[in-house]
Every structure is written in structure tokens, then in C-alpha cells.
Amino acid sequence: MRIDIITCLPELFEGPMNQSIVKRAQQKGHVAIHIHNLRDYSTDKHKHVDDYAFGGGAGMVLTIEPIDRCISELKSQRTYDEVIYLTPDGETLKQGMANHLSLKENIILLCGHYKGVDQRVRDHLITKEISIGDYVLSGGELAAMVLADSLIRLVPGVLNDESSALTDSFQDNLLAPPVYSRPAEYKGWKVPEILTSGHEAKIETWRHEQAVKRTQERRPDLLE
Ligand code: 6GU
């Protein structure tokens with residue numbers, strides 16, 4: 001999978017995209033992440049990528065020209081399955097959407113900023129609009145990283161069997177069951193006996209029961 005990210009703040013991606021699972025996924029060749037600085041596609045001498053909104057009102061708007069130039073250049077090099085705009089008024093990201101998108105070959109993520117982007121970008125260049133939840137972030141960058149991380153861990157080969165994405169919370173509309181590690185007793189706090197019993201089938205049943213219980217208590221909406 002190849003992910004091209006278009007942003008005015010490329011430095012933000014340096015840390016999160018170069019650690020842990022996402023770093024290893026790139027090193028192993030499962031994913032390639034390319035960050036593009038929108039300013040590099042501006043033609044004016046001050047490298048502006050935003051301007052005042054027609055009709056007035058507070059806040060600057062990302063203009064269509066640099067965005068179109070960047071997306072057109074990328075599209076001339078390969079075919080993209082989706083051109084995604086991260087925006088609070090997009091469709092809310094859920095595990096099902098992540099599963100679906102993780103099967104794509106090439107995607108572009110456009111990070112908005114300021115008061116948003118010229119509507120013509122959304123009407124003519126974007127194929128999908130995604131939000132990561134009902135709250136407002138200062139820009140689409142953190143949302144793009146959240147989306148990218150959620151996709152990358154699902155790409156076959158990225159996770160090993162032990163940390164398989166299939167046992168994650170939400171994967172079957174259930175939250176994950178509690179987990180424990182050594183020591184079996186600490187300050188008198190004991191690990192549930194079943195987990196140290198060695199009965200594999202019983203442990204599986206227990207884990208499923210715990211997952212259902214936790215989901216009923218914390219997220220009953222997932223069971224509806
Ligand atoms: Cl995608 N962008 C911004 N700016 N805020 C958000 C968001 C996206 N998703 C939730 N809040």
C-alpha cells in the first residue's frame with residue numbers, strides 16, 4: 001500500500017510515522033508513506049496556499065490551485081483508489097471503514113487547515129471525506145495520522161500472529177477482553193485462575209464472555 005499525504009505541516013509527520021509498527025511496516029516494504037508539502041506546489045512568490053474567503057468571514061481558506069497541481073502530479077504517476085479529505089464534517093472513521101481502506105493499493109490523504117478548503121476541491125478532486133470523531137482539531141494532520149495508523153496495522157504481514165489485528169477491540173463489534181501477565185499474584189491481587197489453568201478451550205470461552213460483558217457495560221451501542 002502506498003499513502004501520499006498532502007499537508008502544509010510536513011514536520012508534524014516525522015515523529016509518529018517513524019516509530020514502532022508504522023516504521024517497521026515501511027522498513028519491511030509493506031507500506032510506503034510519502035509526505036508532500038503543499039507550499040512546494042504554490043506558484044506565487046511568497047508560497048501562499050491560502051486566501052480570504054469570497055463573501056467575507058473569519059479565517060483563511062486553502063486555495064484550489066496548489067492542491068490541484070499536487071494531486072494532478074501524483075495522478076500522472078499512478079492510479080489512486082481514493083483521494084481522501086480529512087474534515088470534521090466527513091464520515092466518522094470506524095473499524096469497518098479501516099478494514100475496507102486497508103485493501104487499497106494507492107490513496108491520497110489531504111489535510112485541511114484554517115477554515116477548510118475551497119469547496120471546488122471537495123466537489124471535483126476528492127472521492128471520500130473522513131472525520132475521526134465529533135470534536136474539532138486544529139488541522140487534518142493528526143486525523144490523517146490516526147487514519148494512516150489504523151490502515152497500516154491491517155495490511156497483511158505488518159503485524160505478527162501474536163499481535164494479530166483480528167483480536168483487536170471493535171474487530172467483531174466487541175471490545176477486547178482483559179489481559180494479564182506475570183506475576184500471577186502481586187500485592188495479593190490475583191490473575192483469574194482460568195488463565196493459568198492451561199485449558200485452552202475454556203480460556204477462549206472465558207475471553208469471549210469477558211469481551212461481551214465489557215461491551216455491554218461500556219459500549220452497549222456496539223451490540224445493537
Ligand atoms: Cl478530519 N479534522 C479536523 N480539523 N478536526 C477533526 C477531524 C478532522 N476529525 C475530527 N475532528
Side-chain angles (χ1 to χ4, degrees), residues 1-19 21-22 31 33-39 41-42 48-68 70-71 74 80-104 106-155 168-171 173 175 218-219 221-222:
M1 171 181 233
R2 177 183 165 117
I3 304 176
D4 288 274
I5 301 176
I6 305 171
T7 173
C8 310
L9 298 167
E11 312 81 25
L12 276 183
F13 292 85
E14 281 162 22
M17 297 288 102
N18 292 298
Q19 306 284 334
I21 290 168
V22 176
V31 290
I33 302 170
H34 295 266
I35 310 289
H36 308 279
N37 188 347
L38 193 54
R39 278 185 208 289
Y41 296 85
S42 171
H48 284 140
V49 291
D50 57 344
D51 207 338
Y52 296 98
F54 276 129
M60 303 294 272
V61 175
L62 289 180
T63 57
I64 190 167
E65 237 189 302
I67 295 171
D68 185 36
C70 183
I71 291 175
L74 289 171
Y80 284 91
D81 302 295
E82 298 284 2
V83 182
I84 298 168
Y85 174 49
L86 283 308
T87 175
D89 58 4
E91 185 183 347
T92 309
L93 176 63
K94 296 277 163 61
Q95 191 61 43
M97 195 197 292
N99 291 347
H100 178 74
L101 287 173
S102 71
L103 302 172
K104 305 291 184 190
N106 301 309
I107 61 172
I108 293 174
L109 306 183
L110 173 65
C111 304
H113 235 259
Y114 317 104
K115 272 285 149 195
V117 302
D118 189 305
Q119 182 60 36
R120 290 167 294 183
V121 169
R122 302 172 68 161
D123 291 344
H124 302 289
L125 305 178
I126 296 298
T127 62
K128 201 173 187 61
E129 300 187 326
I130 296 178
S131 161
I132 63 162
D134 291 342
Y135 41 82
V136 179
L137 302 168
S138 310
E141 282 78 11
L142 288 171
M145 286 186 252
V146 167
L147 175 60
D149 187 294
S150 77
L151 304 186
I152 289 165
R153 61 198 309 289
L154 292 166
V155 172
D168 285 345
S169 277
F170 300 111
Q171 205 46 267
N173 268 339
L175 301 182
R218 298 175 179 216
R219 293 293 306 276
D221 58 296
L222 292 177

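Just so you know, ligand 1 is whichever comes first in the structure, and atom 1 is the first atom listed for that ligand.
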Under a 3.5 Å threshold, I'd like every N/O contact between ligand 1 and protein atoms, with atom names and distance.
from, atom 1, to, atom 2, distance (Å)
ligand 1, 4 (N), L137, O, 3.1
ligand 1, 5 (N), L137, N, 3.0
ligand 1, 9 (N), S131, OG, 3.4
ligand 1, 9 (N), I132, N, 3.0
ligand 1, 11 (N), Y135, O, 2.5

| request: Ignoring hydrogens and angles, state whether a donor on the side chain of E141 or T7 is under 3.5 Å from an acceptor on the partner side chain. | output: yes

Item to complete: Would you kindly say whether Q171 and N99 are connected by a side-chain donor-acceptor distance under 3.5 Å?
Response: yes

Q | Under 3.5 Å donor-acceptor, T127 side chain and V83 backbone | A | yes

Separation between CG (L151) and CD1 (I84), nearest 0.5 Å, reads 7.0 Å

From the list N18, I152, D4, side-chain contact (heavy atoms from CB on, under 4.5 Å) with I33 holds only for I152

In terms of heavy-atom contacts, L62 and C8 come closest through CD2-SG, 4.0 Å

